[in-house]
Amino acid sequence: MTTQSQELAVSANGIVKQYVNGTFTALHDVAMEVHEGEVVAFIGPSGCGKTTMLRLISGLELPTQGSLETFGTPISKPGPDRGMIFQAYTSFPWLTAKKNIEYGMKIMGVPKDDREKTAQDFLKLVHLEKFAHSYPASLSGGMKQRVAIARTLAQNPRIILMDEPFGALDAQVRWEMQEMMVEVIEREKKTVLVVTHDIEEAIYMADRIIFFTRNPGRIKESIPMEFKKGKRFKQKEEMFDQDGYAQMERKLFAMMREEIVAAAAA
Ligand code: ADP
């Protein structure tokens, strides 16, 4: 079940982001509200500003104009309320899986016993208990990404920001990871924003999809996944069986095609 509260995890208004000394507008007049507990996917054609928006929310970059808040506080830099998961695995190669997960907690001053217990718990959640003492180099791509996810979760951020998190994985590992992530989100009740170019992944993981368009980057439509009736599915095939799934996939493909045709004509 989705678990939205009334509290706003993210509130953005009139966001403009320019690069190249103001000569290039990556985002123009973007506004959005994301409720606590909501899972939102950003999709749209390449270059429409999805990653830029995620980076603004992370605080890694600042908007040129507009107001941007997490839980009512203006975003001025990265903070422990937001955890970022990138496509490239970001584990420390010299630490075991468990020590990688403990690392952030150590920096935060969490006592040893507590962080060991938490690391063990998250290793279990991402199905890596047997690999606690393995180093990243000996793990597969999917396993390395599980370590990165567990490490981020162990620091207990309220918002998880994911940028093409499974983009480097092969198809089978990718869907295993999507299902694992849905299980994690259900247990941890996090607010999640995920950038993806994979329509099926966006529909499966998200409660709502924000579709971006480009030139300049802006929001075209915010699309709630009403066909799910507030459910998140443990297995992807449960989603395929739902009335309304095929229509949603078709709608998003058609929107994407429209963008591609417009870009080719420009
Ligand atoms: P998406 O994630 O939708 O593919 P991005 O947010 O990565 O798009 O990029 C949006 C646009 O902004 C692209 O045209 C990209 O080239 C441009 N852009 C992103 N970061 C920078 C930067 N640091 N300097 C100049 N242009 C940038």
Side-chain angles (χ1 to χ4, degrees), residues 3 9 36-39 41 51 54-55 57-60 70-71 77-170 172-196 201 204-205 232 234:
T3 51
E36 183 168 30
E38 207 179 0
V39 180
T51 297
L54 201 75
R55 288 173 65 80
I57 297 168
S58 75
L60 287 168
T70 44
F71 298 103
K77 56 179 194 292
D81 59 330
R82 284 150 287 147
M84 188 103 176
I85 297 168
F86 300 93
Q87 180 183 117
Y89 323 120
T90 49
S91 309
F92 298 122
W94 60 90
L95 296 177
T96 63
K98 185 155 171 278
K99 292 283 178 204
N100 259 291
I101 298 168
E102 282 182 44
Y103 184 84
M105 291 187 280
K106 193 173 173 184
I107 302 285
M108 289 161 77
V110 176
K112 192 167 188 284
D113 285 359
D114 290 351
R115 56 177 201 256
E116 283 190 0
K117 203 163 154 277
T118 306
Q120 204 59 47
D121 178 44
F122 282 109
L123 275 166
K124 193 163 171 225
L125 183 65
V126 300
H127 313 301
L128 275 185
E129 310 95 298
K130 292 194 191 121
F131 298 89
H133 305 295
S134 302
Y135 287 89
S138 66
L139 300 175
S140 70
M143 290 157 108
K144 281 184 211 157
Q145 197 59 320
R146 283 166 203 251
V147 174
I149 291 167
R151 203 182 62 180
T152 302
L153 287 167
Q155 293 173 58
N156 201 21
R158 292 177 83 181
I159 305 177
I160 298 179
L161 305 169
M162 306 177 93
D163 190 3
E164 293 280 2
F166 313 134
L169 304 174
D170 69 43
Q172 182 204 322
V173 177
R174 200 176 169 117
W175 67 253
E176 285 172 2
M177 294 292 287
Q178 292 162 357
E179 290 185 350
M180 186 209 76
M181 202 59 212
V182 167
E183 184 188 337
V184 166
I185 293 166
E186 279 292 275
R187 196 192 88 164
E188 295 293 304
K189 314 280 183 227
K190 298 291 183 194
T191 305
V192 180
L193 299 180
V194 55
V195 168
T196 177
E201 176 170 287
Y204 176 60
M205 288 182 60
R232 293 186 185 132
K234 223 174 155 167

Over all atoms of both residues, closest heavy-atom pair of Pro78 and Gly59: CD-O, 3.3 Å

Closest non-hydrogen contact found for Val39 with Met205 is CG1-O, 3.1 Å

Calculate, to the nearest 0.5 Å, the distance between atoms NZ and OG belonging to Lys144 and Ser134 respectively. 12.0 Å

Can you check side chain to side chain contact (heavy atoms under 4.5 Å, CB included) on Arg174 and Met177, steps first, answer last? CA-CA 5 Å; Arg174 200 176 169 117; Met177 294 292 287; 5.8 Å; no

Contact check, side chains of Met181 and Ile185, non-hydrogen atoms, under 4.5 Å: yes

So Trp94 and Lys99, side chain to side chain contact (heavy atoms under 4.5 Å, CB included) or not? Walk me through it. CA-CA 9 Å; Trp94 60 90; Lys99 292 283 178 204; over 6 Å; no

Calculate, to the nearest 0.5 Å, the distance between atoms CD and CG belonging to Gln145 and Leu139 respectively. 12.0 Å

Hey, are the side chains of Val182 and Lys234 touching, using non-hydrogen atoms and a 4.5 Å cut-off? no

Say you draw a straight line from CD of Glu38 to OG1 of Thr191; how long is it, rounded to the nearest 0.5 Å? 8.0 Å

Check: Asn100 side chain, Leu95 main-chain N or O, donor-acceptor pair, under 3.5 Å: yes

Give the intermediate values and the outcome of side-chain hydrogen bond (donor to acceptor under 3.5 Å, both in side chains) for residues Glu116 and Gln120. CA-CA 6 Å; Glu116 283 190 0; Gln120 204 59 47; over 6 Å; no

Do Leu54 and Met162 come within less than 4.5 Å of each other through their side chains, counting heavy atoms only? no

The reported gap from NZ in Lys106 to CE in Met108 (rounded to nearest 0.5 angstrom) is 15.0 Å

Arg151 versus Phe92: any side-chain heavy-atom pair under 4.5 Å? yes

With heavy-atom distances below 4.5 Å as the criterion, would you say the side chains of Lys190 and Asn156 are in contact? yes

Determine the minimum heavy-atom distance between Ala97 and Leu123, stating which atoms define it. CB-CD2, 4.3 Å

Smallest separation among heavy atoms of Val194 and Pro165, with atom names: CG2-CD, 3.8 Å

Just how far is it from atom CZ of Phe166 to atom CD of Glu176, taken to the nearest 0.5 Å? 11.5 Å

Looking only at heavy atoms, what is the nearest atom pair of Pro136 and Pro93, with distance? CD-O, 3.8 Å

Contact summary for Arg146 and Leu128, nearest pair of heavy atoms: CB-CD1, 3.7 Å

Mark yes or no: Arg115 above the aromatic ring of Phe122, with NZ or CZ under 6.0 Å from the six-membered ring centre and no more than 45 degrees from the axis. no

Roughly how far, to the nearest 0.5 Å, is CG of Leu161 from OG of Ser58? 6.5 Å

Within a strict 4.5 Å, meaning less than it, do heavy atoms of the Thr196 and Glu164 side chains meet? yes

Side chain to side chain, Pro80 and Gln155, heavy atoms closer than 4.5 Å: no

Do Ile160 and Leu153 have side chains that approach each other closer than 4.5 Å (heavy atoms only, starting at C-beta)? yes

